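Below you'll find the structure, written out as structure tokens, and then a few comments.
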Amino acid sequence: MAGDNLLKRWAIWVDGIGKAGNAVEYAPPTIEVTTTDFQSGDMDMPIPVDDGMAAMEATWSIAGVDTTTLALFGLVQGKSRTVSVRSTYTDRTGGSYELVEELGGMITKIERDSMDTGSQRGKNQKCTMKLDYYKVSRSGVVLIEVDPVNGVRSLGGVDALEAARALMKLG
């Protein structure tokens with residue numbers, strides 16, 4: 001049915017600090033499997049072979065200047081920053097559900113809008129985070145979990161790397 005997954009509201013937390021009421025934009029990471037073309041001597045054309053995942057990053061913008069996020073910039077030895085985004089979605093029948101995204105990684109870029117002589121109300125601070133962890137849950141059910149450090153790539157409850165971890169005695 002049309003209109004079954006309409007974004008209603010969302011809020012973001014950066015390193016456990018709520019930004020509800022100040023977050024104005026969020027761009028979730030793109031998940032992408034990188035491939036290598038493989039062709040043996042008897043094949044008429046190459047086929048794609050899974051060669052791991054592309055690096056992920058997410059961005060968000062906070063109204064004005066966010067001094068708490070400024071202090072989280074860069075690498076902190078042995079510590080990954082955490083961001084969580086909670087969204088609500090509705091359908092045309094009035095039903096609703098939550099979507100929770102958990103992101104781990106390093107804030108690698110902070111950009112502030114330029115200041116000029118006009119209204120300053122629309123000026124934002126944009127943060128870019130390179131990810132080392134990503135998890136998406138809908139109403140408590142894990143849909144996606146990518147944890148490269150621990151060798152996990154689970155999509156729809158199926159971990160594509162589970163067999164490799166078992167063979168290498170890693171998990």
Side-chain angles (χ1 to χ4, degrees), residues 4-20 22-38 46-62 66 68-91 96-111 124-171:
D4 279 342
N5 295 290
L6 303 174
L7 178 62
K8 182 74 172 174
R9 290 189 175 30
W10 63 275
I12 191 168
W13 284 258
V14 179
D15 222 32
I17 301 166
K19 302 298 175 184
N22 292 309
V24 294
E25 184 178 55
Y26 166 63
T30 299
I31 57 172
E32 175 186 2
V33 172
T34 60
T35 61
T36 298
D37 288 339
F38 172 77
I47 58 171
V49 177
D50 184 330
D51 204 21
M53 289 188 65
M56 293 186 290
E57 71 178 31
T59 60
W60 64 89
S61 294
I62 304 290
D66 181 25
T68 56
T69 303
L70 283 173
L72 301 174
F73 176 76
L75 176 67
V76 175
Q77 196 64 30
K79 181 168 172 41
S80 178
R81 299 297 182 192
T82 58
V83 170
S84 60
V85 179
R86 299 184 77 83
S87 308
T88 59
Y89 287 79
T90 60
D91 60 29
S96 62
Y97 64 90
E98 69 173 350
L99 192 76
V100 178
E101 295 175 72
E102 299 172 38
L103 301 86
M106 181 186 350
I107 297 173
T108 58
K109 187 188 302 186
I110 297 177
E111 302 172 81
N124 300 318
Q125 174 181 299
K126 181 177 182 179
C127 297
T128 301
M129 179 182 218
K130 301 263 185 178
L131 304 186
D132 61 23
Y133 182 81
Y134 183 55
K135 181 178 175 181
V136 180
S137 303
R138 176 182 168 170
S139 299
V141 176
V142 177
L143 303 174
I144 299 170
E145 184 173 21
V146 178
D147 184 354
V149 173
N150 293 304
V152 174
R153 186 196 320 163
S154 180
L155 305 169
V158 177
D159 187 348
L161 306 178
E162 183 176 31
R165 281 193 319 274
L167 289 170
M168 293 185 293
K169 310 287 188 230
L170 295 175

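Note that the numbering runs from 1 along the sequence shown for the chain. These numbers come from a predicted model, not from an experiment.
Between the side chain of T34 and the backbone N or O of G52, at least one donor-acceptor pair lies under 3.5 Å. Here the side chain of R86 pairs no donor or acceptor atom with the backbone of E98 at under 3.5 angstrom.
Taken to the nearest 0.5 Å, the NZ atom of K130 stands 14.0 Å off from the OG atom of S80. If you take CG on L99 and CG on L143, they are separated by 7.0 Å, rounding to the nearest 0.5 Å. Remark: K126 NZ to I110 CD1 distance equals 13.0 Å, nearest 0.5 Å. Annotation: the span from T90 atom OG1 to L6 atom CG amounts to 5.0 Å, rounded to 0.5 Å. Distance check: Y89 OH to D4 CG gives 13.5 Å after rounding to the nearest 0.5 Å.
Using a cut-off of 4.0 Å between Lys/Arg side-chain N and Asp/Glu carboxylate O, D147 and R153 are scored as not salt-bridged. Here R81 does not pair with D132 in a salt bridge; the nearest charged N to carboxylate O distance is not below 4.0 Å. Under 4.0 Å is where a charged nitrogen must lie from a carboxylate oxygen, and between D66 and K19 at least one such pair does.
The shortest heavy-atom contact between L103 and A58 is CD2-CB, 3.4 Å. Contact record, F73 with K109: CE1-N, 3.8 Å, taken as the closest heavy-atom pair. Taking every heavy atom of both residues into account, I12 and I62 meet most closely at CG2-CD1, 4.4 Å. Here the shortest heavy-atom pairing between V24 and W10 reads C-CZ2, 3.8 Å. Smallest separation of non-hydrogen atoms from P28 and E101: CB-OE1, 3.5 Å. Between T69 and C127 the shortest heavy-atom distance is CG2-SG, 3.3 Å.
For the residue pair S61/N124, the side-chain donor-acceptor check at 3.5 Å is not satisfied. Using modelled atom types, one finds no donor on one side chain facing an acceptor on the other under 3.5 Å when comparing Y97 with D91.
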Go through T68 and L70 one step at a time and tell me if the side chain to side chain contact (heavy atoms under 4.5 Å, CB included) criterion holds. CA-CA 5 Å; T68 56; L70 283 173; over 6 Å; no
What verdict does the side chain to side chain contact (heavy atoms under 4.5 Å, CB included) test give for R138 and V136, after you've listed the backbone C-alpha separation in whole Å, the side-chain angles of each residue and the deciding distance to 0.1 Å? CA-CA 7 Å; R138 176 182 168 170; V136 180; over 6 Å; no
